[in-house]
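Just so we're on the same page: letters track the sequence lines, and every chain starts at 1.
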2 protein chains.
Amino acid sequence: MTRRSTNSVTLHDVAAHAGVSPQTVSRAIRMPNLVSESTLAVVRTSIAETGYVPNLAASNLASNRSMTVAALVPAVSYSVFAETIHGLDAVLASKGYHLFIGSTDYDADREEELIRAFLGRRPDGIIVVGTEHTPAARAMLAGAKVPVVETWSWTDEPIDSLVGFSNREAITAVVDYVHSRGYRHPTFAGWLTGSDSRALDRRLAFEQRTRELYPGEPIRVVDSGADGISIAAGRALLDRALREHPETDVLLCASDIFATGALLEAQSRGIAVPDRLAICGFGDFELSRHLSPALTTVSTPNLEIGRRAGELLLSRMHGETAEPTSLDLGFSLAARDSA
Amino acid sequence: MTRRSTNSVTLHDVAAHAGVSPQTVSRAIRMPNLVSESTLAVVRTSIAETGYVPNLAASNLASNRSMTVAALVPAVSYSVFAETIHGLDAVLASKGYHLFIGSTDYDADREEELIRAFLGRRPDGIIVVGTEHTPAARAMLAGAKVPVVETWSWTDEPIDSLVGFSNREAITAVVDYVHSRGYRHPTFAGWLTGSDSRALDRRLAFEQRTRELYPGEPIRVVDSGADGISIAAGRALLDRALREHPETDVLLCASDIFATGALLEAQSRGIAVPDRLAICGFGDFELSRHLSPALTTVSTPNLEIGRRAGELLLSRMHGETAEPTSLDLGFSLAARDSA
DNA sequence: GTGAAAGCGCTAACAA
DNA sequence: TTGTTAGCGCTTTCAC
C-alpha cells in the first residue's frame, strides 16, 4: 500500500536534517518571530542544504488558502487588458499571490466555462472584466465565498466590488466634444458582433447622445463583424462608413486600434484628416499620440484598474475591508489633432 | 481537535448523496468509461444537485499532478510574447491545464525569483522565454523533474526542449538584405541596457555581419537606455542615430516598436523614408504592414512558438515523447517599402 | 518556544 | 464494476 511519494524534499526531511519537529520548520518559514534565533539559524541552514521547496498544494489544502487569484479578461494579445493584468500582477505578486489568467475571447459562455474551471483551484479572489455575465456565471461568482472585483465597466448592482468607469459617459463626452467642434454627421465604428458588453454600452450611448444633440439626424453605425478587432478591421470600417454613409464627417471608433486603421486608410486614400474626415479613438494607446495627426481619444485608466483591483482584493482577502467597494476611476478626453 | 473544514461540498458529500463510495464518484468524474451507465447517471445527478466543484489542490496533492504549467515571459503588455502566451494557453487549456504566468521584466534575477516561487506550485511543465538564465535558475529548471521548454532563442545546449529560431541568423539576414539593396552605412538601434539576451544576440550578430560585409566601416549602435522599449524610445533612437552617426542610411531596429517610432519621427521631421533613411524592424507587428511606407521587418512565429511549445509539453507530460526536442521554427524577411 | 496528533479532500493501490 | 485503506505534505489545534 505504499504510494509513490513525490520523492522531493519535504518539511519532514528538513526537520530530520535540523533535528527539530516538522512543526518548527513550518513556523520558521511562516512566523519566524515565534522561533528562537538559534533554531531559526539551524532550520535555515537545513532548508538551504536540502534544497527544500515548500509544496503549496499541501499548504493550500491544509490552510484552505491557495494564494492564487483568478483573472478573467476578454483578450490578452495587443489589448488594453494586458496593462490591467500587469498592474494586478505587480500588486499581488509582491504579497505572494500568483495569477491564473483566462481569456474569454469576448464570449460570455466561454467566461462561464472558465469560471467553473478556475473555481476548482479555490482562488482566494477573483477579478473579471465586465459586469455582464451569464446567470450561471453570476451565481458562481456570487457564491464563491471569496472577494470578487468586476472591472472596466460601471453598474449600480455589482456582484461584490467594482473598479471601473462609465463607458456610457465616456462616449457621451466624445459625442459632446465632436458636437461642440462643429461636426454634423458622426458615425460610430466598432465590433458589435461579439458579446462584448462594453462595446454595446458605447454604441448605445452613442445612439442616445446623438439623438439628443442631433435631432432628426439618422443614427449611423458600422460593424467590423467577422474582422473582429484589428488594424485591418479599422481600415475596412472606414471604407464601410464612407460607402454606406458618405456624408460622415467624423468617425467615432470604439477602440484606438480601429481608429489607427481608419487613419492609415484615410491617408493612403488621400482623405484629409481631420478636414475632410475627423477620427476619434478609444483607449489612448501609446501609438495614438505619435500618429500624425495625433489621435483624439478617450484616455482610460488601464493600468490603474489592475492596481486598484489588486489592492482591493488584498485588503478584502486579509479581512481589512469588509464592505464591497465601488471605485469610479473615470476617464479623460485626450483632445488632439485628428478631431 | 476538529478543524474548521472548508465547508464546501466534497467528494464525500456527493458520494453520500448518491449512495456510492467516494472512489466511485472520483472515477465517474475522471474515467467515466470505467463506471456503469446507471451509477454514472446517479452520480451526475448528485453532482449537479449538490453543486459540487472538485478541489484541485487536494487532487494535486494526492495524484502528484497539478494540471498547471508555469510560463515565464519578459513582458506581457504590448509585446510579441502575448501572442506566444495565447498560443500556449489555447493548446493547454483544451486539455485542462491552467497557466501561471510571470513577467520577468527582462531581468534574469527576477526570472530566478519567479522560478523559485512557481516551483512551489509544482507545475507539470515549464515554459520560459530565452536560453540565458542565472546559474541558480538553470539548476532549478534542470532539477525540476518536469519537462522544460525554452523558447524564442536558439542554442546547442538547451536545458531540455527548445522551440525557437536563431536571432543571430535573422539579423544576419537583415544585414545581408540591406547590403544587397545598396545601403552603405547601417546603424543598429535597440535596448541594450537590460539583461535581454535576445537583444544582445541581435546586436552581436549585427556587429559580426557588418564587419564581414562592410570592411573598414565603423560599427554604429544606438541604445534606448532608460527609455526601454516604446514608440517614444524609437523616436529618440532615430534622433540619436542621426546626431551621433549622421552618415547613417539605414536603421536596423531590434523591434518593430522602435521602427514604428523611428518612422513616425522621420516623417514628422520631413526625412524621406526610405530615400534619405531606410528603416528595418523586427517582429512583424500587425501595424507594420499598414504603415506607409510599410515596414520591412523580420517576421517571427510569435503564436506558433506558443502552440508548438504547448504541444511539446503535452506530449512530454503524458509520457508520449521521452526525448528532449529542439524545434527551429525559423523566421522570414518581410521585405516591404521602408528599406 | 517547541512538539504531537489530527485532518484538509482527494487519488493510488489493492481487494472483492 | 465497486469499495476499502492508506496516504499525498502541509497547517491547525492543543498540550507542554
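Atom P of nucleotide dT5(D) and atom CD of Q23(B) are separated by 13 Å, given to the nearest angstrom. Rounding to whole angstrom units, CG of residue N60(A) and C1' of dC8(C) are separated by 9 Å.
Taking only side-chain nitrogens and oxygens, S36(A) comes nearer than 4.0 Å to OP1 or OP2 of dT2(C). For dC10(D), the OP1/OP2 oxygens have no side-chain nitrogen or oxygen of S26(A) closer than 4.0 Å. One finds no side-chain N or O of S21(B) lying less than 4.0 angstrom from the OP1 or OP2 phosphate oxygen of dT4(D). Residue T39(B) places at least one side-chain N or O closer than 4.0 Å to OP1 or OP2 of dT2(D). Using a 4.0 Å cut-off, no side-chain N or O of R65(B) falls inside it from OP1 or OP2 of dC10(C). Residue R122(A) has no polar side-chain atom (N or O) positioned under 4.0 Å from OP1 or OP2 of dC10(C).
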Next on the checklist: Determine whether E112(B) and T134(B) satisfy the following criterion, side chain to side chain donor-acceptor pair (under 3.5 Å), listing intermediate values before the conclusion.
Outcome noted: CA-CA 7 Å; E112(B) 178 184 322; T134(B) 66; 2.7 Å; yes

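Aromatic ring pairs are classed by plane angle as parallel below 30°, tilted from 30° to 60° and perpendicular above 60°; the pair F100(B) and F100(A) is tilted.
Distances were taken from every side-chain heavy atom of V20(A) (C-beta onward) to each of dT12(D), dG3(C), dC10(D); the shortest belongs to dG3(C). With distances taken from any side-chain atom of V35(B) to the nucleotides dT2(D), dC8(D), dC8(C), the minimum falls on dT2(D). Here the nucleotide nearest the side chain of Y52(A), chosen from dT12(D), dC10(D), dT11(C), is dC10(D). Which of dC10(C), dT2(C), dT11(D) sits closest to the side chain of L11(B) comes down to dC10(C). Side-chain atoms of T24(A) lie closest to dT2(C) of the nucleotides dT2(D), dA12(C), dT2(C).
Residues passing the side-chain hydrogen bond (donor to acceptor under 3.5 Å, both in side chains) test with T50(B), sequence neighbours excluded: none. Residues forming a salt bridge (charged side-chain N to carboxylate O under 4.0 Å, His left out) with E311(B) (at least two apart in sequence, or on another chain): R308(B).
Using a 4.0 Å heavy-atom criterion, one finds that R27(B) contacts the bases of the nucleic acid, with or without backbone contacts as well. As judged by a 4.0 angstrom heavy-atom cut-off over every strand, P54(A) is placed among residues touching the sugar-phosphate backbone only.
Put simply, the side chain of D124(A) gets close to the backbone of S66(A): a donor and an acceptor are under 3.5 Å apart.
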